[in-house]
Each structure stands twice: as C-alpha cells, then as structure tokens.
Peer 1: 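One structure coming up, written as structure tokens, with questions to follow.
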Amino acid sequence: MSDRLFIFDTTLRDGEQVPGCQLNTVEKIEVAKALEELGVDVIEAGFPVSSPGDFNSVVEISKAVTWPTICALTRAVENDIRVAADALQFAKHKRIHTGIGTSDSHIRYKFNSNREEILERAVAAVSYAKRFVEDVQFYAEDAGRTDNEYLARVIEAVIKAGATVVNIPDTTGYCLPEEFHAKIKYLCEHVDGIHKATIATHCHNDLGMATANTVSGILGGARQAEVTINGIGERAGNTSLEEVVMTFRSHRELGIDTNINATKITGISRLVSSLMNMPVQPNKAIVGRNAFAHSSGIHQDGVLKNRESYEIIDPKDVGIDENSIVLTARSGRAALKHRLHVLGIDMEKEALDKAYQAFLRLADKKKEINDDDILMLAGEHRANHRIRLEFLQVTSGVGIHSVASIGLNIAGEHFEACASGNGPVDAAISAIKLIIRRTMLVKEFLIQAINKGSNDIGKVHMTVEHEGNQYYGFSANTDIIAASAEAFIDAINKFPH
Ligand code: KIV
Ligand code: ZN
C-alpha cells in the first residue's frame, strides 16, 4: 500500500498570475472541472481580495466543483481572510491559505519588521482564519531562503494555532534538491506537533529544479505537492503536476502515489495551453510534442522488439492515443467522436452532428485539424443559441469607412441590417445593434490566434455590459471579423429574455 501524496493544484492562482495567461470565469470553471476529473485533491482557485474578478471566480468554482477542496489565498491580513471566507461560502470543502514572508530579506525589506513580530503576525493570521474555516493552510513565503531554526519556530507556532497544512515554498527557486530535502527533514525532526499537520512543497523553477526539489521534499517527509499544469507560473514557472505524478508512478519502489487519473494528463495539458495561450515547449517532459517521439521512430524502423527498453512511460498511460489519426476533411463522424472522447468530451448525437458540420467547414479551410481546433469546435456546440448569425458581409480597406451587412436568425425569424463603423468589427457590431435594440456596451475584446499559420483560427473573447451585468461571449473562426460578431452574439444570447 502506497503512502498518499496530496496534489494541490495552483494553475488558477500562481499559474494565472503570468502576464497574458489570464482566464475569464467561464474558462476557469472549465479548467477547474477538468482538474476535478483529473483527481486533484485541492484546487487553489484564486486570491479573492486581489480583484472582483478573482473573488467571483472563487465563488463560481466553489459552486461548480464537488470533490476537491477549494482553496483561497490571502496575505496575513484580516480583511483578506474575511474576503476569502466570503468567496468560499459555497465550497463543499474549503481551505484558507494564509501566510507571510519568513526569510530575513522579506522580514527586513518587505515588512520592515523583525522575526518576533512576523511570528506573531503568522500566528494571528492562522487563528483568525480558524474562526471561518477548519482547514487552514499556512505558507512561509521564501522558506527556501529562511533560516531553518527560525522556520521551525514559526511552523511550530502556527500548528499550535491550528494550521492543518504547512506550506514550505521555495519562492525564488533557489534551493538545491539536497538542501530542500534537508529543510523538510529538519522540520520533521525539530517541530513539536509536526505530525498534526501535512507539510507541503511549493517550488518555483528559476534554476530548472522545481520538480527535483519537490520530489526531494516529498522524500524528506512532505505529503502535499503544490503544482501547476504544464508547470506554468511566474518567471520560469512552478513545479509541473505531470512530472511529479509520473515520477512517483514510474518509481513504484518509493511507495508514494497520488489520486491522479494520469490518462487525463494530455487532455488537460492541451486545454490549459490553449485557454492560456501558452504553448508547451516541444521537449517538455510528459506533455511536450516530442516527449514520446522516439516511439514512432521505433515503430517505423521496426527495430525494437521491446518498448520498455526505451520508454519508461507508456504514452497511453498519460492519455496519448498511439492510434490517433490526424483529422482531415476526409475523416468521418466516428473519427471525430473518437477524438472528442480521447479529449474527455462525450457528445449526444445532435451536438455531435452540429460539431461534425462545423468540423467539415473548418477542414475545408485548414488541411489538418488538431486537438485545439477540436476543443474549440466542441465548446462552440455546447451552446444552443436563440440568436444565430446567418450571414455577414464586410467591406473594409485603407482610406474608406467599413460597412457591414448582417443577417440574424432570432428564434426562427430572419432580420437584416447594414451599418458603417471605424473598422470592420465596429461596423459588424453596429449592424447587430440595429437589429437587437437593447443597451449594451463592449467592455473587453480580445483576439488570439490558436497556432501560427495565416490559415489558422482566431479566438475572440468578449465581455458585454447590459443593464449593469457583464456577459461573456466566445467564438472562434478562421475569419476574425466573423468570430468577433459571433462572440458578441454569444454574449447577447446570455442576456435574460
Ligand atoms: O511562491 C510562493 O511563495 C507563493 C506563496 C503565496 C504560496 O506562491
Ligand atoms: Zn508561488
């Protein structure tokens, strides 16, 4: 029987802090649900006091997810803790993650304080959080560079105050694996009451040693690993979930295992990469495009008779279907259904029919349809819209005003309008507004390319304000003007009738 290692995923908090990786609430819920299916124990859903958007995401993720504990980050500040408790009100299992910097550098320069005062603030924060939730996790920021003897005093004090988990972050990614192992071991041996709490590792990858340090810390006695999908995170990133999970799966002799369903790893890696617009480096362990590339060489050459001589992980174990086929315009409905299933999406017949029609239209424009495209098609056809775009024609160019004519189908009736604007998107949106005469304002408008080529799909995210509420719209199309109009219509479809 293996010892249980708890997986604490912080993709939606530490990962999402990366500039350009921000997700809206709908996308965060999609990732949170995928994390639940993957089998993580804890989802760090955000830092509620940092923005209304983060607060709202923690609320909505708490409602959407059942099994994992939902965790909210705070500083050692009472207002942060109150706001986090409020954001967690709907969580079935909730945890507040509070803490403070404990290295001399943090104490002196960040807090202009001293060790005794910081220790008191740490204890006060944990005690205050305990008023709201039973499960309180404490982080000693920059623990990697904190003197072990002082760190042990802080950890002992916060456990006495009720901390259930004590997080030892290597915030700057500075430690060496042996040093980090020794730090965790030191805490196991010198903190009175350490058995009452779980020790967590939270390693950053500044020197490329996040996974090595995490594994070392776990071998030293930690039993919670804080990780992100694809190792995304500030600067060089956080420890990657897939690397830690597969290290213990590959080294059974260590007697440590997680609850992760590894066959979901590839799917969630692609989902996060695509939503966050953060490509995975081709040689990234476990989830990089080339991570198992040699196996196809083996098959082609027919040289190797035993896969295990060259592969320590069977690609199928992490959700790579070796029999996967590249989908093209000639692929049938069954191939699309199979690929969707591999990506974790099972569609009813009607939705599949619609997705297949959209697939054929896309395959007409793109030679090969990849998994990102398929995930996009699947998302598009989950919605059953009352208002649909029937046609769009736009004239635009340099030195002329853009003009758009548009046809909408609203609950079976056909409407047309024509409008001009200061660009093609503005013209299309003005034409839509002539048909749908409700007060609405585009608050956020983001266009992203999924891959690289000029024949590629553009994704559009839009937030539209209507009667004091914000509605989110999404679309993807090889034509970015059409995608923009569709995203606007998608948001309008969410207005109350
Ligand atoms: O890296 C770090 O120290 C953190 C803490 C807030 C846990 O992310
Ligand atoms: Zn961090």
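Everything numeric here is computed off the predicted structure, so don't read it as measured data. Ligands are counted one by one from 1 in listed order, and the atoms in each one are counted from 1 as well. As a basis for the values below, the full set of heavy atoms in this structure was taken, side chains included, without hydrogen atoms, waters or symmetry mates. Positions are given from 1, in the same order as the sequence printed here.
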Peer 1: Counting only protein N/O/S, how many atoms fall short of 2.8 Å from the Zn ion (ligand 2)?
Peer 2: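 My tally for this metal is 3.
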Peer 1: Give the residue and atom name of whichever protein heavy atom lies nearest to atom 1 (O) of ligand 1, and the separation in Å to one decimal.
Peer 2: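 Going by distance alone, atom 1 (O) of ligand 1 is nearest to His204 NE2, 3.0 Å.
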Peer 1: Counting distance only, does the side-chain N/O of Lys183 pair as donor-acceptor with the main-chain N or O of Ala143 below 3.5 Å?
Peer 2: yes
Peer 1: I'd like to know if the side chain of Thr164 reaches the main chain of Val136, judged simply by a donor and an acceptor atom lying under 3.5 Å from each other, with no hydrogens or angles considered.
Peer 2: yes
Peer 1: Report yes or no: does Asp142 contribute a side-chain atom to a donor-acceptor pair with the main-chain N or O of Thr171 at less than 3.5 Å?
Peer 2: no
Peer 1: Would you say the side chain of Gln17 lies within less than 4.5 Å of the side chain of Phe47, judging by non-hydrogen atoms?
Peer 2: no
Peer 1: Which bit of Asn167 is near ligand 1, meaning a heavy atom under 4.0 Å away: side chain, backbone, both or neither?
Peer 2: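 Side chain only; the backbone of Asn167 stays clear of ligand 1.
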Peer 1: Are any of the N or O atoms of Arg13 closer than 3.5 Å to those of ligand 1?
Peer 2: yes
Peer 1: Name the closest protein heavy atom to atom 4 (C) of ligand 1, giving the residue it belongs to and the distance to 0.1 Å.
Peer 2: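 Ranked first by proximity to atom 4 (C) of ligand 1 is His202 NE2, 3.5 Å.
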Peer 1: Would you mind listing which atoms of ligand 1 come within a distance below 4.0 Å of any non-hydrogen atom of Glu141?
Peer 2: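 In order of number, 3 (O).
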Peer 1: Using modelled atom types only, decide if a donor and an acceptor are shared between the side chain of Lys130 and the backbone of Ala125 within a distance under 3.5 Å.
Peer 2: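 Not a single qualifying donor-acceptor pair exists.
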Peer 1: Is it true that Gln137 and Glu44 share a donor-acceptor pair across their side chains at a distance under 3.5 Å?
Peer 2: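 No.
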Peer 1: Can you tell me the protein heavy atom closest to atom 3 (O) of ligand 1 and the distance?
Peer 2: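 Sorting protein heavy atoms by distance from atom 3 (O) of ligand 1 puts Thr171 OG1, 2.7 Å first.
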Peer 1: I'd like to check Lys284 versus Ser240 (side-chain heavy atoms, cut-off strictly below 4.5 Å). Are they in contact?
Peer 2: yes
Peer 1: Using the test side-chain contact (heavy atoms from CB on, under 4.5 Å), find all partners of Thr198 that sit at least two apart in sequence or belong to another chain.
Peer 2: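 Thr198 satisfies side-chain contact (heavy atoms from CB on, under 4.5 Å) with Val165, Arg223, Gln224 only.
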Peer 1: Please determine which of Asp14, Thr211, Thr228 meets the side-chain hydrogen bond (donor to acceptor under 3.5 Å, both in side chains) test together with Asn238.
Peer 2: Asp14
Peer 1: Between Asp14 and ligand 1, is there a nitrogen or oxygen pair with a distance under 3.5 Å?
Peer 2: yes
